[in-house]
Amino acid sequence: MSQQDIQKVMEGLRVLVEWLQRGKETKLPQKVESTWSNIPEVLQVNELAEVLNVSRWTAYELCRRSDFPAVRIGRRILVRKDQLRAWMDKQIS
């Protein structure tokens with residue numbers, strides 16, 4: 001994963017961290033809320049790339065990491081939305 005791709009992912013995570021640190025608000029920021037509620041429960045790699053705002057190649061690289069919650073079924077790579085969120089939370093802390 002290139003530095004530029006990591007920066008894009010970190011920017012998305014920064015928005016979530018700021019929201020979590022405020023603690024008083026009950027709703028996610030508008031951009032994050034609309035994105036998160038509209039994504040399917042199970043993501044394919046192209047959808048993962050879109051949600052994280054990274055290239056498809058970067059999403060494949062992320063799925064190759066041992067700590068990332070990707071599941072391979074035949075030639076398909078899938079990521080559950082709840083596991084992605086848990087992984088993102090772990091990266092923040």
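Please read all numbers here as calculations on a predicted model, not as lab measurements. For this chain, numbers begin at 1 and follow the sequence in order.
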Original post:
Mind checking what makes side-chain hydrogen bond (donor to acceptor under 3.5 Å, both in side chains) contact with Arg76, not counting sequence neighbours?
Top reply: none

**OP:** Rounded to the nearest 0.5 Å, what's the gap from CG on Leu78 to CZ on Arg72? Could you check?
**Re:** 10.0 Å

Original post:
What distance separates Ile77 CD1 from Leu43 CG, expressed to the nearest 0.5 Å?
Top reply: 12.5 Å

Original post:
Atom NZ in Lys81, atom CG in Leu48: separation rounded to 0.5 Å?
Top reply: 13.5 Å

Original post:
Is it true that Val51 and Ile92 fall in one hydrophobic cluster, defined by side-chain heavy atoms closer than 4.5 Å?
Top reply: yes

**OP:** Could you tell me the separation between the CG atom of Leu52 and the OG1 atom of Thr58, rounded to the nearest 0.5 Å?
**Re:** 10.0 Å

Subject >> Residue pairs fulfilling ring pair (Phe, Tyr, Trp, His ring centres under 6.0 Å) with at least one residue in residues 62-93, sequence neighbours excluded >> reply: Phe68-Trp87

Original post:
In terms of hydrophobic clustering (I, L, V, M, F, W, Y; side-chain heavy atoms under 4.5 Å; direct or indirect links), are Met88 and Val79 co-clustered?
Top reply: yes

Original post:
Which pair of non-hydrogen atoms, one from Ser55 and one from Ala49, has the smallest distance, and what is that distance?
Top reply: O-CB, 3.6 Å

Subject >> Shortest non-hydrogen contact between Val42 and Glu47, atoms and distance >> reply: O-OE1, 3.8 Å

**OP:** Kindly give the heavy-atom pair with the smallest separation between Pro69 and Leu84, and that separation in Å.
**Re:** CG-N, 4.2 Å

